[in-house]
Every structure is written in structure tokens, then in C-alpha cells.
Number of protein chains: 2
Amino acid sequence: MMHRKSVLGTGIELDELAQKNDTAIQDDPALAQYEDPSGSSSITSQAYTRLRADIMSGVLTPGKKLKIEELRSLYDFGSSPIREALSMLTSDLFVERIDQRGFRVADVSEKEFDELLRTRRWLEERALRESIAHGDSNWEEQVVLSAYRLSRVPRSQTDDHFVANEEWEIRHKHFHMALIAACPSSIMLKFCDQLYDQNVRYRHLSGSKAYPSRDINAEHNAITDAVLERNADLAVELLMSHYATTGNFLKAKLTPKTKA
Amino acid sequence: MMHRKSVLGTGIELDELAQKNDTAIQDDPALAQYEDPSGSSSITSQAYTRLRADIMSGVLTPGKKLKIEELRSLYDFGSSPIREALSMLTSDLFVERIDQRGFRVADVSEKEFDELLRTRRWLEERALRESIAHGDSNWEEQVVLSAYRLSRVPRSQTDDHFVANEEWEIRHKHFHMALIAACPSSIMLKFCDQLYDQNVRYRHLSGSKAYPSRDINAEHNAITDAVLERNADLAVELLMSHYATTGNFLKAKLTPKTKA
DNA sequence: ATGCGTTAAAATATCGATATTATTTCCAAT
DNA sequence: ATTGGAAATAATATCGATATTTTAACGCAT
């Protein structure tokens, strides 16, 4: 096993790594999914992608009744793809199906958010410990690589006020999934993936402009270092407090109204 | 908090409880769902229930291609309800959807089974600890009650050879969910619920006639006692070894062929 | 014989219309 | 005024047919 100290401290070794990536280190195919371009080009997939994006971004507000006919004319898809997409979104916890009364956007509440955060911490702690225990050198390299890549793009598109940077979002998820990727349970990873996306939705919904001034990169780097040292306790502690601070920062006005 | 010793040792207090149940102690509505009669009576629900049952029981073999037309004539439902039901079963991990190529029964393998068991242990340990930490007296009563009810029905319908007893299955699940019901995360409970059902499927698939002669009731009682004493470490240890033995017993011939 | 590109067959995805079911509105009775 | 219930309305669930896509089969060239 590799033992490095402060791998991300200077960035020197990392430039080598980044370079090496073009030749030797290939992206782990298992992680490729987290880039999510749009899946295939079937109508259903398109409907799924657009609806999902609009729910995550808050365009379709929590609790809103999702009437097939309405969505049909709004997005200009047939009713079958819409229905199918809504079905798929139900698996992701973004949409709730009401027995014989169609669908609605999953509701949000501070209580649900607390549960989400709590559950995420439970699952990610376990997943991270297992990942650290089982990860091989390829996993280590993927962690380093994804951390580096994340550090190369700005959190916000502009410096003065916050404008979400889609590329950062993608790399951020990639990094977090890379950390736990060696956890020997695809089911566990799937759950974490779901919960991660749920969390992103809450982040968007809370309309958190003006993101914390704290140095998120530094936190990521610290986690990366701990992970590479195989210091599970420290890595977990850092990751958990990473979540805790992010979480507490959010809890803004969530409008949990179940409106039509 | 109640502190009892060996509540299930004699069964005396339990008869009182069972009686009391007809009057004072009502079934926790939150647990009612685990009896699952058939949901509503819509065609889709019927299709869902039947397909699910046939997948869990192994009538629809793992990896089998689920052709809409075939299912349509076999079950005598329209194609829309079939499709909808398959979509729903995808959320439950019983069916896999292949991009633009329809559905298939979720495949099984020893590897997947290992992962399933492992993940279940991780989640249930956490859920049980949280449940013990947060459960109130009503939760305690539901645990006692579900344990008692489970103990009142035989594991097998006949004494000489094993014939699954549906009522036992229902009560067994009810008991296990009651243990963790006080875990303050509906998402966590949902995950555990899913994994439980997955496990049942594997149990059925491994065609385990001749179930272990070990006294499962005794194990359940021991877990119940530990839980009521709020002895988390012991309860977890018992529950985990309960799973471990059950799990190792299963690993029989799993036919993971992906046949049409 | 083997591999590739074309064509035929099968299956899924999609659509538009109809049947059911839930919701609302409105009116009468208390 | 308020409640109860029947009709009208709106929405979903379901069906059967058509359009696309995928898979399999076939024959030709190498």
C-alpha cells in the first residue's frame, strides 16, 4: 500500500499524476456513470433527464402535483414517456407515486433533510471505512486524480457572487464517489449515490447563494490525505464534519407546501 | 424506560400483553404496511403483486428476459400495467431495466448474495443501535408483541418436511422491522425493508427445504430480551450472528444463468 | 471457413383514443 | 348555515395500433 504525506500539499506529484493519466492511468469505468450525459437518446431518457433536472433545480417545486397532461404539453413528449420517466424518478426518491392518483414531486421538510443527512453520514461512514480497508492502488490513484481534478475548477463561475459551476458539481460528486468506490458492496454504493443526489437537490432548493467562505478545497485535501494514509478514523471524522458543516449551513427556508 | 429480564422466557407476561392488545395496544400503523395484501385493486397493482410474488418465489428465474408480450398473454393483463409493474419492481431491485431493450429478472450470484448479506448487516446494525437509542415504550411493546406473534405460528406447515408457512413469513418480517422501527430515519427503514425482501428471495431461490434444526425462536427471543434491556452491543451481536448463520446455511446452488 | 454488411424478424417504445376512477360542484334537505 | 349526496368535471389507468429500435439471419466477399 502507498503511504504518502500531504499529497495535495504542494501539487507537484499531482501534476505528474495528471500527466500520467493521459497514458497509463485510465479512468475507472465504474466511476464513469457519475458524469451522466443523458443516457441514451430515447424519448423516455430525454424526459427522465429533463424532469430530473427540473426537480433537482427546483423548477418543479416540492409537493407539486405532476399531471401527465400538463407535463405532456409543457415538455412536448407523449404521455407514455412522461409516465415512464416519472416511474423511474420514483426509484430515485425524486417523485412520489400516490396510489391511484398519479405522481407528485417528492416533498421536502427540515425533518426529512435531517433524516437524509443523518442517513448519509451513517452509510458514508461505513462505506468509507470499508473502502479504506479494501481499496487497492488503483483506487488510491482514482482518489488522487478525482481530488486533483476537482481542485482545478472553481466552485462558482464568477468571483463576486455565486453562480453554480456545473463542471464543479460533476467533479465534486466524482470525488466523493471515488472515496468510497472500493467499498465491497454495489448496493451500498447505489444507496450513497441516491442520497448524494438527494442532498444536491436540497442544496439547490435552499437557494444557497453566497456559499461558505471556508476553504472547501482544503477540506477535500485533508480528507484525501487521511484516506491515502489509510487513517480511517481521521478520514471518517473529517468527512463527517465536512457534511455536518455543509448541512447546518443549508437549513434555510424550505417551503414544504404540498400545492397543486 | 422499561427494564425486563427474559420477557419471553415464560410467556406469562406475554399472554397479558396479547390480551391487552385487543384493547389498549394498537398495532403501530407504521408497521401495517409490511402485511402487504395487494395494495389497491387496480390492474397495475395486481400485476405488480403477481409478478413480484413469482420473482420472489423463483417461478420467474433470475436473468430471465421479461418480454411484455409474453407476460401479457401469461398473466392476462394489458401491456401498460405490465410495463408499469416492471417499472415499479425495478425500484425494489427485483427487476433490471436494460436501456432500450426492456426488462429482465434481476440476476443472482454468490457474489451478489455476499454483498447483500454484508450490506444488510451494516445497515441493520446501525438501524438497531439507533432504534434502541431512540425507542419509546410503545416501540418496546411492539417488539414484544411481534415477537410473541411470531412465536405462535410454526415455521413450517408440516412437521416432517419443510413447507413454507406464509403467515410465519409475514410475522417474521414484522418482527425484524419492529426491532429497528424506532430508528429515526424513514430512508434507512426503507433500505432495510428492500434488503430484507431481497434476502427472502435468495432464501426461496436456494430451495432450502430442510431448514436448520437450530431453534430460531430461541434466537429471536434472545434478541428481543437484549433489545428490551437496551443492551445494544449484545442485541447487535445476536442479530448479526443470527444473519451470519442463516446466510451461510443458504449459499446453495444458485443458477445465475442469464437465459432468455 | 471466417468476417462483414445487408436485410428480415422480433421486441420495445410511443402514440392517440377510450374506459375508470377520483375530485369537485352544486343543489336539496335538515 | 351546514351537511349529504348526486351529477359534472378532470385526471389517471388502460387498451390497441403504429413507429423505432434491436436482434437474428442470411449471403457475399475475402
Side-chain angles (χ1 to χ4, degrees), chain A residues 36-52 54-55 60-92 94-107 257-260, chain B residues 36-52 54-55 60-92 94-107 257-260:
Chain A
D36 180 35
S38 166
S40 85
S41 59
S42 70
I43 309 273
T44 300
S45 303
Q46 289 175 250
Y48 171 80
T49 305
R50 291 200 54 189
L51 283 170
R52 184 187 160 106
D54 283 351
I55 291 174
L60 295 172
T61 57
K64 180 177 170 61
K65 182 73 202 299
L66 292 167
K67 302 176 189 173
I68 307 283
E69 188 56 30
E70 193 178 315
L71 298 175
R72 209 185 59 71
S73 60
L74 180 58
Y75 292 93
D76 201 51
F77 293 124
S79 47
S80 300
I82 294 279
R83 169 172 282 278
E84 195 77 3
L86 292 177
S87 245
M88 293 170 73
L89 287 165
T90 301
S91 312
D92 304 343
F94 283 128
V95 167
E96 291 164 1
R97 91 186 307 147
I98 342 166
D99 186 52
Q100 215 142 349
R101 263 156 283 178
F103 303 86
R104 69 167 51 154
V105 179
D107 217 333
K257 287 171 196 161
T258 303
K259 47 185 160 183
Chain B
D36 179 37
S38 165
S40 84
S41 58
S42 71
I43 308 274
T44 299
S45 303
Q46 290 174 251
Y48 170 80
T49 304
R50 290 200 54 190
L51 282 170
R52 183 186 161 106
D54 283 351
I55 291 174
L60 295 171
T61 58
K64 180 178 170 60
K65 182 76 202 299
L66 291 167
K67 302 176 188 172
I68 307 283
E69 188 56 31
E70 192 179 318
L71 298 175
R72 208 186 59 71
S73 60
L74 180 58
Y75 292 92
D76 201 49
F77 293 123
S79 46
S80 300
I82 294 281
R83 169 171 281 280
E84 194 78 4
L86 292 177
S87 244
M88 293 170 73
L89 287 165
T90 300
S91 312
D92 303 343
F94 283 128
V95 167
E96 291 164 1
R97 90 185 306 145
I98 340 167
D99 188 52
Q100 215 144 347
R101 264 155 281 179
F103 303 86
R104 68 167 52 155
V105 179
D107 217 335
K257 287 172 195 161
T258 303
K259 47 184 160 184

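Basis for what follows: all heavy atoms, side chains included, without hydrogens, waters or symmetry-related copies. Below, read A as the first sequence line, B as the second, and so on, with proteins coming before strands; counting in each chain starts at 1. Source: prediction; values computed, not measured.
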Visitor: Hey, are E84(A) and R83(B) close enough for a salt bridge, meaning a charged N less than 4.0 Å from a carboxylate O?
Guide: yes
Visitor: 5'-most contact on DNA chain C: S80(A) or E69(B), nearest heavy atom basis?
Guide: E69(B)
Visitor: Name all residues meeting the salt bridge (Lys or Arg N to Asp or Glu O under 4.0 Å) criterion together with E69(A); count only those two or more places apart in sequence or in a different chain, and write none if there are none.
Guide: R72(A)
Visitor: For K67(B) and dA9(C), give me the distance from atom NZ to atom P, rounded to whole Å.
Guide: 17 Å
Visitor: Please report the closest heavy-atom contact between I43(B) and F77(B), naming both atoms and the distance.
Guide: CG2-CD2, 3.5 Å
Visitor: Is the closest side-chain heavy-atom distance between L66(B) and I82(B) below 4.5 Å?
Guide: no
Visitor: At under 4.0 Å between heavy atoms, what does I98(B) touch on the DNA or RNA strands: base, sugar-phosphate, or nothing?
Guide: nothing
Visitor: Rounded to whole angstroms, how far apart are CD1 on I68(A) and P on dA22(C)?
Guide: 16 Å
Visitor: Looking across every strand, which nucleic acid part, if any, lies under 4.0 Å from I82(A) by heavy atom: base, sugar-phosphate, or nothing?
Guide: nothing
Visitor: Using only side-chain N and O atoms of R101(A), determine if any of them is under 4.0 Å from OP1 or OP2 of dT23(C).
Guide: yes
Visitor: Could you state the atom-to-atom distance from CG of D99(B) to P of dT12(C) in whole Å?
Guide: 14 Å
Visitor: Less than 4.5 Å apart, side chain to side chain, heavy atoms only: is that true for Y75(B) and D54(B)?
Guide: yes
Visitor: Measure the distance from CD on E84(B) to P on dT12(C) and round it to the nearest whole Å.
Guide: 16 Å
Visitor: What is the 5' to 3' range of DNA chain D, first to last nucleotide, that sits under 4.0 Å from any heavy atom of chain B?
Guide: dT14(D) to dT23(D)
Visitor: With a 4.5 Å heavy-atom cut-off, do Y48(B) and D92(B) have their side chains touching?
Guide: yes
